[in-house]
There are 2 protein chains.
Amino acid sequence: MENKNPITVVIIEDDETIRNGFTYLINATENYKVLNSYSNVEDALIGLVNDKPQVILLDIELPGIKGIEAIPKIKHILPKTYIIMLTVYDNEDNVFNALTKGASGYLTKSDNTEKIIDAIQEVVNGGAPMSMNIAKIVIKSFHKNQNSPLTKRETEILEQIANGKSRSKIAKQMFIDLETVKSHIKNIYIKLNVHSREDAIKEAKNNKYI
Amino acid sequence: MENKNPITVVIIEDDETIRNGFTYLINATENYKVLNSYSNVEDALIGLVNDKPQVILLDIELPGIKGIEAIPKIKHILPKTYIIMLTVYDNEDNVFNALTKGASGYLTKSDNTEKIIDAIQEVVNGGAPMSMNIAKIVIKSFHKNQNSPLTKRETEILEQIANGKSRSKIAKQMFIDLETVKSHIKNIYIKLNVHSREDAIKEAKNNKYI
DNA sequence: AAAAAAATCCCCCGTATTGGGTTATACCGA
DNA sequence: TCGGTATAACCCAATACGGGGGATTTTTTT
């Protein structure tokens, strides 16, 4: 029996019913063990030092320290632990905040509860489990607007500007004259109805032109 | 029988064995129909105008026009069609290029072939099917480096710089003096060992400090 | 082949920004 | 208490910036 080395899990979730439900579900699965569960981050940060789980299921909507703020704190004491976010809302900002801070997976509670087990297995295998709606949000964030008013060349130049390059550096790098770059930038500003690099970048990012 | 309105699919894939295999597999599934299959993009672009499929399975490694270059061309004539990329290699650049150009899903051929059917269903439902390894690449691209040499304040300022803001705008916005911003930038440059905004942004992005 | 769009280059102007040098103070967490 | 952090000051020369006028050539579309 491989029960000697189960995958260890800690649950941080304020709703007692859900917490106990997940605990029961996971413990009932062979090769998985819930070491501990907490109803808030404050307690968890103390207990986790001893628990040292491989995977943490972390609710986003928590009293006190929110789940997202907890991620860096957890990563600080347990850098190798995988964190899977649990939430009822698939708020876009939350998704990206959690991911940039180091969450490895993101599930909405509307998912079939058995998916939790699959997700735990998946992060341990180095994967990145996501609910269907979360995957959609993530993928959509990559999609560029196909209806940009900017031409190819203008888009190229605006991308360079967004990378912090000066007009003269852009000119050298693109093998065109500084005056040409200036012309393009003027046209970009007119098309985007802005008067500065800053606003051009903001406008372009908002509309996913770059 | 709901066979009257099957999910319509077109396959673009140069390997005849795979092409025929997928065609057979999909046609054998109730409620799915392969309208056509092509061995190259050139032919596909002509035929697609009539086919008008809901979903296209698109190989990345194709002779002539590559799969990635095909995406915008396909989107141009069929903006509403979902595109699922198929590939043997999970090359990072390819993944992000395909996604920014508008691919909705990304599967590696090492996946269980039955997953294809699930993926087709998933994009039609507005989802974003990904292989486990692809999901991992995507999620990892969001993760920030936790070992940044920059302080919180320095990181904040560098982010503003990356947004194209001038020192004076940063100062106003952060309610600190212009001289303070200058000091922070000087320190950022020293820590990152650079001498310009451009290089600071590049270095910070390379190391995922911002 | 003609018209339209995109890309290229030129000159002018005044103001603001940039990178770099040096020093200093208040605060705060280990 | 000590180093790191955030704050601020003063100096300087070089350049980058936004905006105003054009003009020409290449490419694309019709």
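Sequence lines set the chain letters: A, B, ... in the order given, protein chains first and strands last, and positions in each chain run from 1.
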Report the residues that fulfil salt bridge (Lys or Arg N to Asp or Glu O under 4.0 Å) with A/K202, sequence neighbours left out, ordered by chain and then residue number.
A/D199
So does B/K144 get a backbone contact from the side chain of A/T100, meaning a donor-acceptor N/O pair under 3.5 Å?
no
In terms of the nearest nucleotide of DNA chain D, which residue is placed more toward the 5' end: B/T180 or B/P149?
B/P149
Just the rounded figure in Å: distance from P of C/dA6 to NZ of A/K152.
13 Å
B/I188 CD1 to D/dT5 C1': how many Å, rounded?
13 Å
Report the distance from atom CD1 of A/I190 to atom P of C/dA5, rounded to the nearest whole Å.
15 Å
Length of the NE2-P vector between B/H184 and D/dA8, whole Å
8 Å
Length of the CG-P vector between B/D199 and C/dT18, whole Å
15 Å
Take A/I83 and A/S104, measure what side chain to side chain contact (heavy atoms under 4.5 Å, CB included) needs, and give me the verdict at the end.
CA-CA 6 Å; A/I83 298 175; A/S104 298; 5.7 Å; no
Between C1' of C/dT18 and CD1 of B/I170, the distance in whole Å
12 Å
Rounded to the Å, how far apart are A/N187 CG and C/dA7 P?
9 Å
Electrostatic pair A/E122-A/K115, nearest N-O below 4.0 angstrom:
no
Residue A/K136 excluded, over 12 heavy atoms near NZ under 6.0 Å
no
Quickly work out the B/K191 NZ to D/dG3 C1' distance and round it to whole Å.
12 Å
Report the C-alpha separation of B/M174 and B/R153 in whole Å, then their side-chain angles, then the decisive distance to 0.1 Å, and conclude whether the side chain to side chain contact (heavy atoms under 4.5 Å, CB included) test is met.
CA-CA 10 Å; B/M174 295 177 78; B/R153 205 63 165 162; 3.3 Å; yes
B/S/- contact track for nucleotides 17-30 of chain D, protein heavy atom under 4.0 Å:
BBBBB---------
